[in-house]
Amino acid sequence: MSTFEVRPVGHVESPLIDRKNAPRQPDEGAPEATLVFEPGMLPALDGVRAGDRVVVVTWLHRAARETLRVTPRWSPDRSEMGVFATRSPDRPNPIGLHETVVTAVDGVRVRVQGLEAIDGTPIVDLKPVLSPDPAGR
């Protein structure tokens, strides 16, 4: 199997510092957070504006990468299943997908609504949420 390199383009600044106390989903009380991009990423942020719906792609750096099966908390019978059938942060390639809304942009600092990523989480990418609106917003 071949490997490839993924480089962080920034990191998350968040009041969430302890993984075990962080909400599992954004609608469970995730706080506002700031996406801090590397200075060289400023041209990549051109066009990102307050009000935009975005997907923040992160690397869940504190995840257990050897985990293949988990017991999801939403499972009615609490039976174990494979991580690919869940949103568990523990998985072979701990990529996080976080849909949120931009509230402010100041240079390489992008403020977003409820983000369940913990402080220091590396940012891999930022993508707009596709919309049926022809204007793209």
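Residue numbers count from 1 along this sequence.
Residues D52 and P128 fail the side-chain proximity criterion, which asks for heavy atoms closer than 4.5 Å. In this structure the side chain of I118 never reaches within 4.5 angstrom of the side chain of V12, judged on heavy atoms. Within the 4.5 Å cutoff, the side chain of E38 has no heavy atoms near those of the V108 side chain. Looking at heavy atoms from C-beta onward, V57 lies in side-chain contact with I95 at the 4.5 angstrom threshold. T121 places none of its side-chain heavy atoms less than 4.5 Å from the side chain of L115. The shortest side-chain heavy-atom distance between R65 and N93 falls under the 4.5 Å cut-off.
Minimum heavy-atom separation, Q113 to T103: CG-CG2, 3.5 Å. The two residues I123 and H11 come nearest to each other via the heavy atoms CD1-O, 3.3 Å. Smallest separation of non-hydrogen atoms from P89 and P94: O-CB, 3.6 Å. Residues R111 and T34 come closest through the heavy atom pair NH1-OG1, 2.8 Å. Scanning both residues, P122 and H61, for their nearest heavy atoms gives CD-ND1, 3.3 Å. Here the shortest heavy-atom pairing between V9 and V124 reads CG2-O, 3.8 Å.
Taken to the nearest 0.5 Å, the NE2 atom of H98 stands 9.5 Å off from the CG atom of L35. Considering CZ of R69 and OG of S88, their distance stands at 12.5 Å, rounded to 0.5 Å.
Note on L45 and V102: same hydrophobic cluster, where clusters join Ile, Leu, Val, Met, Phe, Trp and Tyr whose side-chain heavy atoms are under 4.5 Å apart, directly or indirectly. No single ILVMFWY cluster, assembled from side-chain heavy atoms under 4.5 Å apart, contains both V55 and V101. Under the 4.5 Å side-chain heavy-atom criterion for ILVMFWY residues, no single connected hydrophobic cluster contains both V105 and V36. Under the 4.5 Å side-chain heavy-atom criterion for Ile, Leu, Val, Met, Phe, Trp and Tyr, L68 and L60 are members of distinct hydrophobic clusters. Note on V70: it does not cluster hydrophobically with L97, by side-chain heavy-atom contacts below 4.5 Å among ILVMFWY residues.
The closest donor-acceptor contact from the side chain of R49 to the backbone of G47 lies under 3.5 Å.
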